[in-house]
Amino acid sequence: MSLPERHELPDGTPVYAGAGSPFDENGVDLSLVDAMLAMTPAERLSWLEDALGLVETLRSGLLSPGPGEAGRR
């Protein structure tokens, strides 16, 4: 058994790639890519809608003033 090859990303982050590693040389998790490719178009659309909903929820929480900020201005 050989050890996985070590590569470094441009920022110096070590990435290990080999037969037993789920990551490629660029740090992409290939198991996530495989899972996405195994989805049907309807499943992908549903996943994307869920992700966009989460982004909108986070964005609205970050853009709304905090409880004590309304009286400061």
Side-chain angles (χ1 to χ4, degrees):
M1 181 172 118
S2 63
L3 295 173
E5 294 180 37
R6 179 183 170 156
H7 303 279
E8 290 190 0
L9 297 178
D11 67 355
T13 305
V15 177
Y16 297 92
S21 176
F23 299 99
D24 71 359
E25 295 83 18
N26 297 313
V28 175
D29 187 344
L30 298 177
S31 62
L32 293 177
V33 173
D34 288 342
M36 191 68 128
L37 291 174
M39 290 180 175
T40 65
E43 290 172 325
R44 286 186 205 159
L45 181 60
S46 175
W47 181 86
L48 180 60
E49 288 171 344
D50 290 344
L52 290 174
L54 176 62
V55 167
E56 287 303 318
T57 301
L58 292 173
R59 183 178 293 149
S60 67
L62 291 174
L63 296 178
S64 65
E69 291 187 27
R72 290 187 195 164
R73 292 181 183 192

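Taking hydrophobic clusters as Ile, Leu, Val, Met, Phe, Trp and Tyr residues chained together by side-chain heavy-atom distances below 4.5 Å, Val28 shares a cluster with Leu37.
Glu49 places none of its side-chain heavy atoms less than 4.5 Å from the side chain of Leu52.
Under the 3.5 Å distance criterion, the side-chain polar atoms of Glu56 are left unmatched by any main-chain donor or acceptor of Gly53. Not one N or O on the side chain of Ser46 forms a donor-acceptor pair closer than 3.5 Å with the backbone of Ala42.
Rounding to the nearest 0.5 angstrom, the gap separating the CG atom in Leu48 from the CE atom in Met39 is 10.5 Å.
Contact record, Met36 with Arg44: O-NE, 3.2 Å, taken as the closest heavy-atom pair.
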